[in-house]
J.: 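Okay, handing you the structure first.
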Amino acid sequence: MKIVVINGQNHKGSTWNIGKMLLESLEGEKEVREYFLPRDLDHFCSGCFACLEDRARCPYWKEKEPILRDMLEAELLVFTSPNYCMMPSAPMKAFLDLFFTNWLTHKPPREMFSKKAVVISTAAGAGAKKAAKLIAGNLINWGIPEVHTYAAVVNAMRWDMIPPKKKAGIEKDIKKLAHKLSRRKKAHVGVRTRFLFWFYGGMQKAGWGASPAEKQYWVENGWLSGTKPWKEQ
């Protein structure tokens, strides 16, 4: 299984350790590519909209291109981010902004419709669920049909400060999730993804996109004339 991990922090804290636990619990052979933010993509979206015409016109394409290529080739995407002020980390939010053209309302890559994703977030107190939900919402709107979230309240500043009993509970949860991901290799495209594809396709057909280049992208893929990206995999 090809896996790409996007870590919303440079340090290897509680969130990273849970992500590592997931990777180790997954069954079968694994090929993992891991990125750390902001180390591997240290930019904010400038709002120039050049990417709507052509992704390669983004001023930060040199850094973005290898990450996107790896994500497109992966079968499983894992996003980890601690909760900062009831939200994902700033580098993770910047990452999602820089890849906003992946949204169904713009130019979603066809490869996204065959993937699974996991979002992991931790917090010393409240906020982990909210942070995970924001990231997951983006991935759902990328067209990824199967997105799982895991949010943990660790009541600690560091991984080595978490009580053994709480760690054991996290490990039990993660092994259960890993088994679920390993059991069914192909992602299931459900009603939610089909509805979003139909809804945003209707917007493009009506010419309500942000750029004519978006509609042309949908036309070239055959998506406005009945072709479904998940049936092309």
Side-chain angles (χ1 to χ4, degrees), residues 1-45 51 55-56 58-82 88-103 107-122 131-132 134-136 138-150 159 174-175 177-187 229-230 233:
M1 178 187 294
K2 289 188 177 182
I3 305 168
V4 167
V5 183
I6 307 295
N7 296 295
Q9 65 289 316
N10 287 332
H11 65 279
K12 296 180 178 181
S14 299
T15 318
W16 179 86
N17 273 281
I18 295 175
K20 179 172 178 279
M21 188 183 291
L22 175 68
L23 296 178
E24 292 173 347
S25 301
L26 289 167
E27 302 163 15
E29 294 184 6
K30 289 156 280 190
E31 180 184 329
V32 181
R33 185 73 172 90
E34 191 166 17
Y35 291 95
F36 291 86
L37 307 173
R39 187 188 73 188
D40 294 318
L41 187 60
D42 191 13
H43 298 290
F44 291 99
C45 177
C51 61
R55 283 185 171 86
C58 174
Y60 314 121
W61 180 244
K62 183 178 179 180
E63 294 92 339
K64 287 170 57 179
E65 193 275 333
I67 300 176
L68 178 60
R69 183 179 64 245
D70 283 342
M71 288 197 297
L72 295 182
E73 292 176 355
E75 298 163 67
L76 174 66
L77 305 181
V78 179
F79 286 73
T80 78
S81 176
S89 69
M92 179 61 79
K93 179 59 170 66
F95 178 92
L96 296 172
D97 290 344
L98 285 166
F99 284 97
F100 84 94
T101 45
N102 285 357
W103 273 54
K107 294 181 174 182
R110 66 177 66 241
E111 293 88 345
M112 291 299 174
F113 294 90
S114 63
K115 301 189 186 307
K116 299 177 186 178
V118 176
V119 180
I120 298 171
S121 183
T122 65
L134 189 149
I135 299 170
N138 274 261
L139 303 184
I140 289 167
N141 279 282
W142 284 10
I144 298 177
E146 190 173 331
V147 181
H148 304 267
T149 61
Y150 184 75
W159 181 246
I174 290 300
K175 284 186 174 180
L177 175 57
H179 177 69
K180 184 176 183 180
L181 290 166
S182 303
R183 184 182 57 192
R184 188 174 68 241
K185 292 187 177 180
K186 189 174 181 180
W230 54 86
Q233 308 297 331

J.: Going from CG on D70 to CD on E31, what distance comes out if it is rounded to the nearest 0.5 angstrom?
T.: 9.0 Å
J.: List in chain and number order the residues that pass salt bridge (Lys or Arg N to Asp or Glu O under 4.0 Å) with K20, two or more places apart in sequence or in another chain; answer none if no residue qualifies.
T.: E24
J.: Does any N or O in the side chain of N102 come within less than 3.5 Å of the main-chain N or O of P108, such that one atom is a donor and the other an acceptor?
T.: no
J.: How about I6 and I67: do any of their side-chain heavy atoms sit closer than 4.5 Å?
T.: yes
J.: Could you pull out the closest heavy-atom pair between D40 and Y35, with the gap in Å?
T.: OD2-CA, 3.4 Å
J.: Sort out for me which residue in E34, H11, Q9 forms a side-chain hydrogen bond (donor to acceptor under 3.5 Å, both in side chains) with W16.
T.: E34
J.: Nearest 0.5 Å, please: how far is CZ in R33 from CD1 in I3?
T.: 14.0 Å
J.: When you measure from the side chain of S89 to the backbone of G8, do you find a donor-acceptor pair of N or O atoms at a distance under 3.5 Å?
T.: yes
J.: Is F44 close to D97 at the side-chain level, that is, under 4.5 Å between some pair of heavy atoms?
T.: no
J.: Scan L41, L98, D42 and name whichever one has a side chain to side chain contact (heavy atoms under 4.5 Å, CB included) with E63.
T.: L41
J.: One pair to check against side chain to side chain contact (heavy atoms under 4.5 Å, CB included): W61 and L68. What are the steps and the verdict?
T.: CA-CA 10 Å; W61 180 244; L68 178 60; 3.9 Å; yes
J.: Between the main-chain N or O of S81 and the side-chain N or O of S121, is there a donor-acceptor pair closer than 3.5 Å?
T.: yes
J.: Could you give the distance from NZ (K93) to CG (L37), rounded to the nearest 0.5 Å?
T.: 13.5 Å
J.: Working to the nearest 0.5 Å, report the span between OG1 of T80 and CD1 of I120.
T.: 7.0 Å
J.: Is there a donor-acceptor pair under 3.5 Å between the side chain of K64 and the backbone N or O of R55?
T.: no
J.: Count the heavy atoms belonging to other residues, nucleotides or ligands that lie under 6.0 Å from NZ of K180, then report whether that count exceeds 12.
T.: no
J.: Might you work through the side chain to side chain contact (heavy atoms under 4.5 Å, CB included) test for F99 and W142, ending with a clear yes or no?
T.: CA-CA 9 Å; F99 284 97; W142 284 10; 3.9 Å; yes
J.: What I'd like to find out is whether the side chain of L181 reaches to under 4.5 Å of the side chain of L22, using heavy atoms alone.
T.: yes
J.: Donor-acceptor pair, distance only, cut-off 3.5 Å: does the side chain of S182 make one with the backbone of H179?
T.: no
J.: Please round to the nearest 0.5 Å and tell me the distance separating atom OH of Y60 and atom SG of C45.
T.: 8.0 Å
J.: Using modelled atom types only, decide if a donor and an acceptor are shared between the side chain of K115 and the backbone of L72 within a distance under 3.5 Å.
T.: yes
J.: Is there a side-chain contact between W159 and I18, using heavy atoms and a 4.5 Å cut-off?
T.: yes
